[in-house]
Amino acid sequence: MKDPVARTASPYTDPTVKGPRSQQLHSGHLSEARKSKYAVLVNTVNKTGLHPGGVQPVMEHTELEEELHEKAHIDYDRVAIIPNPSVAALYEDALVYETGTAITESGALTAYSGKKTGRSPLDKRIVKEETSENDIWWGPVNKPMTPEVWKINRERAIDYLNTRNRIYVVDGYAGWDEKYRIRVRVVCARAYHALFMRNMLIRPSREELEHFHPDYTIYNAGSFPANRYTEGMTSGTSVAINFAEKEMVILGTEYAGEMKKGVFTVMFYEGPVKHNILTLHSSANEGKDGDVTLFFGLSGTGKTTLSADPNRALIGDDEHCWSDRGVFNIEGGCYAKTIGLSAEKEPDIFGAIRYGSVLENVVFDPETRQVDYDDSTLTENTRCAYPIEYISNAKIPCLSPNHPTNIILLTCDARGVLPPISKLDSAQTMFHFISGYTSKMAGTEDGVLEPQATFSSCFAQPFLALHPMRYAKMLADKIEQHGANAWLLNTGWVGAGFSQGGKRCPLKYTRAILDAIHSGELAKVGYENYEVFNLQVPTSCPGVPAELLNPKKAWTAGNDSFDREVKKLGGLFLENFKKYESEATEDVIKAGPVV
Ligand SMILES: Nc1ncnc2c1ncn2[C@@H]1O[C@H](COP(=O)(O)OP(=O)(O)OP(=O)(O)O)[C@@H](O)[C@H]1O
Ligand SMILES: O=C([O-])CC(=O)C(=O)O
Ligand SMILES: [Mn+2]
């Protein structure tokens, strides 16, 4: 599969359209509801003696079909609506209707997302309407969309869905805490997208699905582009959320991550605004004594990798809420990066890639069906989505009544000047949380090919709905109330930066650092002050060479380049923080680097 078919966002080259409708009706995919519907049709025809195709017969529609018809004008007489299909049915459909979709050696379904292999943050918009506009952070990420443009795009998505022979509906919850969960419905054209969201949402029981009425609905028409001449569109891609209508519309990108991150933005809005709970871009796990650790960090910094820990139960790998009742995962699955994945280094994740999991944009051998996890031909951002129970020590239900004991801010510093581990006081925690520094690595966002210094407030800027300081203040209050310890952990370069030929901190050392935090040993060792950033770094850590702990001592590329790099990064932090200074307290402003 070295040269897969590049799918473009056009319905005309969309290989998912195959086979006449009559074939589908007999394809064995009909749900019970569908079958009884056709039984009704047959009965009507028999009773009236009318030939089908003459007078329009009276057809009975399911509750779900009626709802979709009423809310979204889905043409249920033309399109087969497949409600909450099984994994097996989705496999069958994906294999029949989608170009390049296949089963890999380990049993996972592998699919291509087409041209877009990462999120498109520049094409994300929020509808400007009165119920939410005073709360929304109309900052660098949330671009306003007028209600008129929303209607145009929504209609375009629905028109596209109505041209399909079959569309899928996946219903699920976001949030394991029943008090705070939202019900989400996904309506999409690709079986791969349906299976992805079946994995990523929390799966309701069969009974719960029977009368499931969503709070939010996602219309994913990603194979079909937005019209670039529609006012405000800057490309053929549009990912839009309407908080008043409680809907999301996707056009012009088939990257599945947009759906899960769309739900996340909804939680970033609903959590604080409606329930006074804090939404966080973090993973979480729990030790044997019930101690909870949260790992905040941007894409690629290690949330998924480090939260999968054989000694600790996994609560979740990417999206959590911290409420007055502890911590809960938003999702029912994990979405792991698979580039460079190996059974030796990351056995839990490797083992989760099996029947039911969805691999995205990986390269595999068409004969042996073996996946080459080192191959980044299609993208650096190769991924796998699997249900969380595929991690054997996942804690189900995925929540803890305990408040976090440790808070770990992850960063992946490609300059190699942030220490592998530092202990933070509360002002430093706020400074670094608001700053949200990492080197953005190639892949998860469209167009990023080399590491770039990036500051993403709350480690979540592309997903935030409200101003970052609203989340930061909530976090400060919670940390103070529950007395959590905070750490800054750099999973990035050590010894020298990316540009000086340094290397990324070996995973085994990062894991040893975490073990020492969890065993309490790291709190007991000696500390020294690390220049410019004024961070407290340990002078020793079990399982880690001591010389790695202080970047100045670890640096192999000459003192001049070290001084230059550390000051340059310090300067970037200060420059970035200026925009928050008017709202931050004096001690937080002072907790930044001194250049
Ligand atoms: N020292 C290290 N610590 C953590 N991860 C490392 C380290 N060295 C290399 N890696 C690799 O970095 C990647 C971290 O990706 P991971 O999926 O954990 O990111 P994430 O924070 O969950 O991102 P996203 O929010 O995009 O899902 C993995 O591919 C992992 O193998
Ligand atoms: O959303 C995605 O595509 C992957 C992810 O977790 C992130 O970028 O934080
Ligand atoms: Mn993420």
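When a ligand or atom number is given, it counts from 1 through the structure's own listing order. All residue numbers in this chain count up from 1 along the given sequence.
Residues Tyr112 and Tyr192 place their aromatic rings such that the two centres sit no closer than 6.0 Å. With ring centers used as reference points, Trp176 lies 6.0 Å or more from Phe328. A ring-centre distance under 6.0 Å is found for His281 and Phe264.
The Mn ion (ligand 3) has no N, O or S atom of Glu319 under 2.8 Å away, backbone or side chain. Inclusion of Lys261 in the first shell of the Mn ion (ligand 3) is supported: an N, O or S atom falls under 2.8 Å.
At a cut-off of 3.5 Å, with distance as the only test, no side-chain donor of Thr117 or Asn361 sits close to an acceptor on the other residue. Side chains of Tyr255 and Asn381: a donor on one and an acceptor on the other come within 3.5 Å. Donor-acceptor pairing under 3.5 Å is lacking for the side chains of Tyr390 and Ser392. In the model, Ser400 has a side-chain atom that pairs as donor or acceptor with a side-chain atom of Glu286 under 3.5 Å.
Remark: Asn393 pairs with no residue by the side chain to side chain donor-acceptor pair (under 3.5 Å) rule, at least two apart or across chains. Partners of Ala336 under the side chain to side chain contact (heavy atoms under 4.5 Å, CB included) rule, at least two apart in sequence or in another chain, are Thr304, Ile349, Tyr386.
Residue contacts with ligand 2: His281 is placed with a nitrogen or oxygen under 3.5 Å of a nitrogen or oxygen of the ligand (distance criterion only). Checked against a 3.5 angstrom limit, the closest N/O atoms of Leu306 and ligand 1 fall outside it. Any N or O atom pair closer than 3.5 Å counts here, and Tyr255 shares at least one such pair with ligand 2. Ligand 1 has a nitrogen or oxygen under 3.5 angstrom from a nitrogen or oxygen of Gly300. Remark: ligand 1 and Lys261 share no N or O pair separated by less than 3.5 Å (distance only, no angle test). In terms of polar-atom proximity, Arg119 is counted as a contact of ligand 2, with an N or O under 3.5 Å from an N or O of the ligand.
For ligand 2, the atoms closer than 4.0 angstrom to any heavy atom of Ser299 are 7 (C), 8 (O), 9 (O). Taking every heavy atom of Leu298 and a limit of under 4.0 angstrom, the matching atoms of ligand 1 come to 21 (O). Close approach to Arg383 involves these atoms of ligand 2, each under 4.0 Å from a residue heavy atom: 4 (C), 5 (C). For ligand 1 and Glu346, the ligand atoms under 4.0 Å from any heavy atom of the residue are 30 (C), 31 (O). In summary, the atoms of ligand 1 found under 4.0 Å from a heavy atom of Asp318, numbered by their order in the structure, are 25 (O), 27 (O). For ligand 1, the atoms closer than 4.0 angstrom to any heavy atom of His281 are 25 (O). In the vicinity of Tyr335, heavy-atom distances shorter than 4.0 Å reach the ligand 1 atoms 27 (O). With ligand atoms numbered from 1 in the order given, ligand 1 contributes 24 (P), 26 (O), 27 (O) to contacts under 4.0 Å with heavy atoms of Arg383. Ligand-side atoms of ligand 1 in range of Cys505: 1 (N), 2 (C), 8 (N), range being under 4.0 angstrom from any heavy atom.
Nearest to the Mn ion (ligand 3), among the N, O or S atoms that Asp318 has, is OD1.
Without hydrogens or angle criteria, Arg415 side chain to Val566 main chain gives no donor-acceptor distance under 3.5 Å. Side-chain N or O atoms of Thr411 include one that pairs as donor or acceptor with a backbone N or O of Tyr437 at under 3.5 Å.
In this structure, Lys261 forms a cation-pi arrangement with Phe463, its terminal cationic atom sitting closer than 6.0 Å to the ring centre and no more than 45° off the ring axis.
Within the 4.0 Å heavy-atom criterion, neither part of Glu319 lies near ligand 1. Only the side chain of Phe463 comes within 4.0 Å of ligand 2, counting heavy atoms alone; its backbone N, CA, C and O stay farther away. When non-hydrogen atoms are compared, ligand 2 lies under 4.0 Å from neither the backbone nor the side chain of Glu258. Heavy atoms of Asp318 found under 4.0 angstrom from ligand 2 belong exclusively to the side chain.
Here atom 9 (O) of ligand 2 lies nearest to Lys261 when heavy atoms of Lys260, Glu319, Lys261 are compared.
When each of Phe243, Tyr216, Tyr471 is checked for a ring-ring contact (aromatic ring centres under 6.0 Å, His included) with Tyr269, only Phe243 meets the rule.
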